[in-house]
Amino acid sequence: MLSIRNLHATADGKSILKGINLEVPAGEVHAIMGPNGSGKSTLSHVLAGRDGYEITEGKVTFDGESLLEKKPEDRARAGVFLAFQYPVELPGVSNVYFLKAALNAVRKARGEDPLDAMDFMKLAREKAKLVELDDGLVKRAVNAGFSGGEKKRNEIFQMAMLEPKLAILDETDSGLDIDALATVSKGVNALRDKARSMLIITHYQRLLDYIVPDVVHVLVNGQIARTGDKELAKELEAKGYAEFTGRAVS
Amino acid sequence: MSSTDQIQDRLSQEYDAGFVTDIEQDFAPPGLSEDIIRFISAKKKEPEWLLEYRLKAYRLWTEMTEPVWPKLKIAPVDYQGISYYAAPKEGPKSLDEVDPEILETFEKLGIPLHERAALAGVAVDAVFDSVSVATTFKGKLAEMGVIFCSFSEAVENHPDLIKKYLGSVVPSTDNFYAALNAAVFTDGSFVYIPKGVRCPMELSTYFRINAANTGQFERTLIIADEGSHVSYLEGCTAPMRDENQLHAAVVELVAHKDAEIKYSTVQNWYPGNKDGVGGIYNFVTKRGICEGANSKISWTQVETGSSITWKYPSCILKGDGSVGEFFSVAISNNYQQADTGTKMIHLGCNTKSTIVSKGITAGHGQQTYRGSVRIGKNAENARNYTQCDSLLLGDTCGAHTIPYVEVKNKSSTLEHEATTSKIGDDQLFYCRQRGLSEEDAVNLIVNGFCKEVLKELPMEFAVEAQKLLEVSLEGAVG
């Protein structure tokens, strides 16, 4: 599904990713943990195609196709979804209208007919239940005036609507209280599928109690320092990242 | 490339109304003097009182100076270099006699003037340079007592109404451009809706500047008698020319007791090229008076064109319980400048006004919202709500908000909300990450931003306006 080979990236001339190798097969959930500044968010941005990064070396293939030359919208249409750490507000643009335009753009790329308003609303109501997003929020302007928890639930709602092949969750747990965390996680778990891969980026092991990963990677100083199973996350929680940062930072 | 660079990159916008019509025209020699005014008045076979009105305004104008308070950089206008009268040589008697070249011009602009081809439910007065060339559905409207004709015809056929109302809302003394207009206005539209009549169709005037080295100085007067209702729309375009052309219009609205006037503008004057060369100076005075109790005047404007816009459609809320509204979307792209807003003057009790202004700036555009809300000492329980939002595309443009408030009555309530936001790289990336193209993303965000105003436009024109917004911002992001 997703294959990252020796990926190097810089931002403003500063080297951030320094040779990442990562394989995420279809249906697997991989967690990427690491201290602040290790390059976690950069990795998610580079995969989604955000401006401001220069790829200096390496290759990323998704579904057998090279990903890095594609425009962000083409990556999205090919099935890459990024749940933002800080979801963006779009004042005046209703969630429903926004998502309908997005879904139909993605459907078009898949060779499917656009959904009409009726079918779309039916689908939206069904998917909104997954993350307990009420009708009011579904119809409001995208993220405008949403609480932190509502924004994150809205991200997962969008993911449920767009049915991506690869979902990248960038610190989806940040700013969530324990109840919201449970709701969001429940939504994510409901979307686990053998055809869908997930890359879960987080600081804390806490999230991984709810969304149990198949594989855990530790990202330190722009490189994967260690890979293990879910027990690795628990170990990190107990010992912190000192062991890695001590070794990786000279 | 960041999207800010891309914004710069694709700032080439297409203006598709920029063609010139080649017809024989009558011109006044360039320059302004009492003789020129006598020439215009004679050309139009005007009565003596109107010539006197013009001359009086002209003498006032010579004593006046251009306003310097707007936040605009205006290259000096050579008032003696402009021709104040340009008219097609063949004066048409009826629709069938209109020069085919002119009909074709309007057709190209999407305004067919043959009634059989005309937009259903919309009557049109077409003004070409200095004169009205055609008015559609006149007969049908006359059956209901509605008068819809060119200003010149109104002077000839309804002199009492013109005498009574001309200058009653915007006197010649009002400002420099209003005085100039009063001296040299050539044509425009006149509307009278009789008591209790709900005008059965949208009335619309389409203004076209064609000739070079001329200005357009039209005058519009709309009177809604007691309990009547009318919805009126104006549209405007001009050819692409390298020199700036002056458009200084005056619009006066009078709403009597329980009457309602809805006035919508889709302004698409030539904005100049991407380097800011050429374009129309749109210096317009628009004002309505809610004369009678419970009357209502509503201004809706979509301003996408002109190199410089200076206009403040306003309401004098004199009748008790009268209502004034102002809904505006203004776009300034490339080197366009706009200083626009409204004045709401509350004189009667329980008067209410709403202002919603949406400014969009891109490229090197500069825009100022300038609004004034005045509550008089007798305006018990007056209420005003003002909202002005600015949206910036890129980081080389500017948006400014200058509200003036003057309250002389303690029982009144005023609310003011203002926001400034940027179409950020974040927003664009967010939309694109969900599968939308960059252009769709910009349109989505702009339309979301303008929605409150666009929904106020008559249905027939809302789609048009939406398209115009897209064209105006074409190339604003890349």
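In what follows, chains are A, B, ... by sequence order, proteins preceding strands, each numbered from 1.
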request  = May I ask you to check whether over 12 heavy atoms, not counting those of A/Asp12, lie within 6.0 Å of atom CG?
outcome  = no

Nearest heavy-atom contact between B/Ile445 and A/Val93 is CA-CG2, 4.0 Å

Shortest non-hydrogen pair, B/Gln427 vs A/Pro91, comes out as NE2-CD, 3.8 Å

query = Yes or no on side chain to side chain contact (heavy atoms under 4.5 Å, CB included) for B/Leu436 and A/Glu73, after CA distance, side-chain angles and deciding distance?
reply = CA-CA 6 Å; B/Leu436 299 172; A/Glu73 55 268 40; over 6 Å; no

I'd like to know if B/Asp426 and A/Arg50 make a salt bridge, using a cut-off of under 4.0 Å between side-chain N and carboxylate O. yes

Closest non-hydrogen atoms of A/Ala76 and B/Arg434, given as atom of the first, atom of the second and distance, are CB-C, 4.0 Å

Practice task
Look at atom CZ of A/Arg192 and say whether more than 12 heavy atoms of other residues, nucleotides or ligands are closer to it than 6.0 Å.
Solution key: yes

Honestly, the part of B/Tyr430 sitting under 4.5 Å from a heavy atom of chain A is both

Okay, A/Val142 and chain B: the region with an atom under 4.5 Å from a heavy atom over there is side chain

Taking only distance into account, with no hydrogens and no angle test, what donor-acceptor pairs under 3.5 Å do side-chain atoms of residues 117-129 of chain A form with protein atoms, sequence neighbours excluded?
none

Bottom line for A/Pro164: the part with an atom under 4.5 Å from chain B's heavy atoms is neither

Validation row, ring centre A/Phe84 to ring centre B/Phe429 under 6.0 Å: yes

When every non-hydrogen atom of A/Phe98 is compared with those of B/Cys431, the smallest separation belongs to CE1-SG, 3.8 Å

Bottom line for A/Leu162: the part with an atom under 4.5 Å from chain B's heavy atoms is side chain

Whatever's closer than 4.5 Å to a heavy atom in chain B on A/Glu89 counts as backbone

Requested in this report: Give a yes or no on this: more than 12 heavy atoms of other residues, nucleotides or ligands lie within 6.0 Å of atom OH of A/Tyr97.
Outcome: no

Does atom NZ of B/Lys352 have more than 12 heavy-atom neighbours, drawn from other residues, nucleotides or ligands, at distances under 6.0 Å? no

Taking a cut-off of under 4.5 angstrom between non-hydrogen atoms, the residues of residues 53-70 of chain A near chain B are none

Self-check item: Expected output: side-chain B/Arg432 to main-chain A/Asp74 donor-acceptor under 3.5 Å
Solution: no

Any side-chain heavy atom of B/Gln433 within less than 4.5 Å of one from A/Pro72?
no

Between B/Gly435 and A/Ala105, the two heavy atoms sitting closest are O-CB, 3.3 Å

